[in-house]
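Reckoned from all heavy atoms, side chains included, excluding hydrogens, waters and symmetry mates. Throughout, protein chains are lettered first and strands after them, A, B, ... in sequence-line order, and every chain is numbered starting at 1. Just so it is clear, the model here is predicted, and its values are computed rather than measured.
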2 protein chains.
Amino acid sequence: MPPKAYHRKLYEYIMEEIALRILKGDYPSETTLPNEDALCKEYQVSRGVLREATKVLTQKGLIQARPKVGTLVQPRSNWNLFDADVLTWKLQVDGKVEFLRKVTEVRRLIESEAARCAAERCSPTEIAAIAEPLEEMAEMLTAATDGSRFDYETYLAVDMAFHMAIMEASHNELLAQIGVTMRQAVLSARRLDIHNVKVLQESVKDHRRLFTAIQAGDAQGAYDASRLLFDAVWRHLPQR
Amino acid sequence: MPPKAYHRKLYEYIMEEIALRILKGDYPSETTLPNEDALCKEYQVSRGVLREATKVLTQKGLIQARPKVGTLVQPRSNWNLFDADVLTWKLQVDGKVEFLRKVTEVRRLIESEAARCAAERCSPTEIAAIAEPLEEMAEMLTAATDGSRFDYETYLAVDMAFHMAIMEASHNELLAQIGVTMRQAVLSARRLDIHNVKVLQESVKDHRRLFTAIQAGDAQGAYDASRLLFDAVWRHLPQR
DNA sequence: ATCATTTAATCGTCCTATGATTGAATATCC
DNA sequence: GGATATTCAATCATAGGACGATTAAATGAT
């Protein structure tokens, strides 16, 4: 069953397989998974591999093994929501819009605060690291006036670099990591989202305003600009 | 070596053992751990157990295994900071004060926002769930005027219950989980901190103000009250 | 000197056997 | 008959050994 083409480790494949089945409800909460031997047969892997997969899933809060009774699927309230994988899985197959709104709520909170901190604390080097992807974004969009040859994937990567640079500049690695993880989770889940170049061109103005405020050391301005950006994100969120 | 008294699983013991040695610098960043056979001998466990431990540590971002070269200790920038274990370990043996300040910074951000959301959204049931531990806190402190028989551990648990109830009432499980995890990490790391009953009695007023605002649906008031509480925490943080 | 080949170290995977834990069935005793 | 102790069986937990896959480094060929 395990396709030869995967370069990921076998246990990662099995882990995701089981996780998705839990997410989809194939293995309902509060019930037990098939026992280890059965799972090994089903997925055609050794017990060692299976156990590595389940250990990690345990750590993510999806399951909990007990001798004699089996491996229990944990209720959603136990899931480790700021595990990058869980977040991605949940956004992909689960509640969709409602949860996405909650993630966005937290992202706005975190990233705006990071912007404020960045304005207060960042160094010239860090300012340059923020400026560079910003310029690239602007270039890509002006070059895209003809409508065609616009590489959306690349644009997303550059946009990500811009925001990551700001979070790094907050000098609070905890803040940065929360923000980056959530941004990545959302990115991978909603890839093909805003294809409207015009909307993106609008948003560049706001990006630039955010950068200018950080550069000027204007903490409140940076905070406000970041909130503004998220207001736009909020508006483009799918409506229920 | 593994003490028989542990009820934790063996791999958890080994995992923590290795993690702490990484934290303490016994296994420096960018170097490789001893190979699997050597580690098995050293810790007197089977390879399966060792591998379960390393899989989880990989997931936490502390190490990364590659064939032929070995298991590399990852730089701190790769560590999964909002993994509850990593957070606890880091607070226990690592940078201490500086990192604690950063955690507190994020906690204030998260918990205050949660308080705001709770004020806007919480149900009567949830209000009751917040009120109960608050009353208990007050009782414990008034009963403690004689100075002696004050159970600090219990008090901490009740205080935790109060704040957890608020975060639950935010109706954003993501927000709640970030807040709760950080609070627990800090709790286990700094247990014996404020033993001054008088300080606690002061803080009850602020707790009550926070509760009243939530009960009244006063979002801004709840937010402000929460910030005030954290200002007090901030003042009692060890000075460098 | 450059490139291809071989080698060896290490992790990756599989297999089988045995131990430990614990819920449930059974037997014992009052 | 009911409570308590005992036995049983299912499941995970741990051990140990064997072989495969990957790849950095040593070696050899051009």
Side-chain angles (χ1 to χ4, degrees), chain A residues 1-19 21-22 27-74 78, chain B residues 1-19 21-22 27-74 78:
Chain A
M1 189 67 57
K4 225 22 186 289
Y6 273 94
H7 342 139
R8 292 189 299 173
K9 310 267 165 50
L10 240 191
Y11 87 91
E12 290 180 312
Y13 174 75
I14 302 301
M15 174 182 78
E16 182 153 6
E17 197 74 9
I18 296 177
R21 294 190 66 172
I22 291 177
Y27 300 134
S29 174
E30 311 287 2
T31 68
T32 73
L33 259 45
N35 71 29
E36 291 185 343
D37 287 329
L39 286 173
C40 290
K41 271 193 186 168
E42 183 174 350
Y43 294 114
Q44 295 287 315
V45 296
S46 71
R47 267 190 83 211
V49 167
L50 180 74
R51 284 180 62 81
E52 287 172 10
T54 55
K55 282 300 155 295
V56 176
L57 287 176
T58 302
Q59 213 266 328
K60 294 180 190 297
L62 267 67
I63 58 179
Q64 177 78 51
R66 288 177 53 197
K68 165 78 182 180
V69 29
T71 303
L72 292 152
V73 177
Q74 296 298 105
N78 272 198
Chain B
M1 191 65 59
K4 225 22 181 292
Y6 273 94
H7 0 128
R8 291 189 300 172
K9 311 269 163 48
L10 240 190
Y11 86 92
E12 291 181 311
Y13 173 75
I14 303 300
M15 174 184 77
E16 181 154 6
E17 196 73 10
I18 296 177
R21 294 189 66 173
I22 290 176
Y27 300 133
S29 173
E30 312 287 5
T31 68
T32 74
L33 258 45
N35 72 28
E36 291 185 342
D37 287 330
L39 286 173
C40 290
K41 271 194 186 170
E42 182 174 352
Y43 293 113
Q44 295 286 317
V45 296
S46 72
R47 242 185 109 205
V49 168
L50 180 75
R51 284 182 60 83
E52 287 172 10
T54 55
K55 280 302 154 295
V56 177
L57 287 177
T58 301
Q59 212 266 330
K60 293 178 188 301
L62 268 66
I63 57 179
Q64 177 78 49
R66 289 176 54 196
K68 165 78 180 182
V69 29
T71 303
L72 291 153
V73 177
Q74 297 297 103
N78 271 197

K.L.:
At 4.0 Å (heavy atoms only), tell me whether A:G70 reaches a base, stays on the sugar-phosphate, or touches nothing.
P.N.:
sugar-phosphate
K.L.:
Does a side-chain heavy-atom distance below 4.5 Å link B:K55 with A:K55?
P.N.:
no
K.L.:
With respect to the side chain of B:K68, which nucleotide from C:dT13, C:dC11, D:dT22 is positioned closest?
P.N.:
D:dT22
K.L.:
Is B:L72 close to B:T32 at the side-chain level, that is, under 4.5 Å between some pair of heavy atoms?
P.N.:
yes
K.L.:
Can you measure A:E36 atom CD to D:dA10 atom C1' for me and round it to whole angstrom units?
P.N.:
12 Å
K.L.:
Measuring to OP1 and OP2 of C:dT13, would you say a side-chain N or O of A:S46 lies under 4.0 angstrom away?
P.N.:
no
K.L.:
Measure from CG on B:L39 to C1' on D:dG16 and round the result to the nearest Å.
P.N.:
17 Å
K.L.:
Taking only side-chain N and O atoms of A:T71, does any of them lie within less than 4.0 angstrom of OP1 or OP2 on D:dC12?
P.N.:
yes
K.L.:
Round to a whole Å and report the spacing from CD1 of B:I14 to P of D:dA13.
P.N.:
15 Å
K.L.:
Compare the minimum distances between each of C:dT13, C:dG12, D:dC12 and the side chain of A:L10, then state the nucleotide with the smallest one.
P.N.:
C:dT13
K.L.:
Do B:I63 and B:T58 come close enough that some side-chain heavy atom pair is under 4.5 Å?
P.N.:
yes
K.L.:
Measure from CG on B:N35 to C1' on D:dT22 and round the result to the nearest Å.
P.N.:
16 Å
K.L.:
Atom CD of A:Q44 to atom P of C:dC14: distance rounded to whole Å?
P.N.:
9 Å
K.L.:
On DNA chain D, does the nearest nucleotide to A:V69 precede the nearest nucleotide to B:E52 from the 5' side, or the other way round? Give the residue.
P.N.:
A:V69
K.L.:
Side-chain N or O of B:R51 less than 4.0 angstrom from OP1 or OP2 on C:dC11?
P.N.:
no
K.L.:
Please state whether the phosphate of D:dC12, meaning OP1 or OP2, lies under 4.0 angstrom from any side-chain nitrogen or oxygen of B:K9.
P.N.:
no
K.L.:
Rounded to the nearest 0.5 Å, what's the gap from CD1 on B:I18 to OH on B:Y11? Could you check?
P.N.:
13.0 Å
K.L.:
Both A:P67 and B:P34 contact DNA chain C. Taking the nearest nucleotide for each, which residue is further toward the 5' end?
P.N.:
B:P34
K.L.:
Could you state the atom-to-atom distance from CG of A:L50 to C1' of D:dT11 in whole Å?
P.N.:
13 Å
K.L.:
Can you find a donor-acceptor pair, distance only, under 3.5 Å between B:R47 side chain and C:dT13 base?
P.N.:
yes
K.L.:
Taking atom C1' of C:dC11 as reference, at what distance in whole Å does atom CG of B:L33 sit?
P.N.:
13 Å
K.L.:
Assess whether a salt bridge exists between B:R8 and B:E16, defined as any Lys/Arg side-chain N lying under 4.0 Å from an Asp/Glu carboxylate O.
P.N.:
yes
K.L.:
Can you measure A:K55 atom NZ to C:dT13 atom P for me and round it to whole angstrom units?
P.N.:
16 Å
K.L.:
Strictly below 4.0 Å: does A:T32 bring a side-chain N or O up to OP1 or OP2 of D:dT11?
P.N.:
no
K.L.:
Answer with yes or no whether A:R66 presents, from its side chain, a donor or acceptor under 3.5 Å of a partner atom in the base of C:dG23.
P.N.:
no
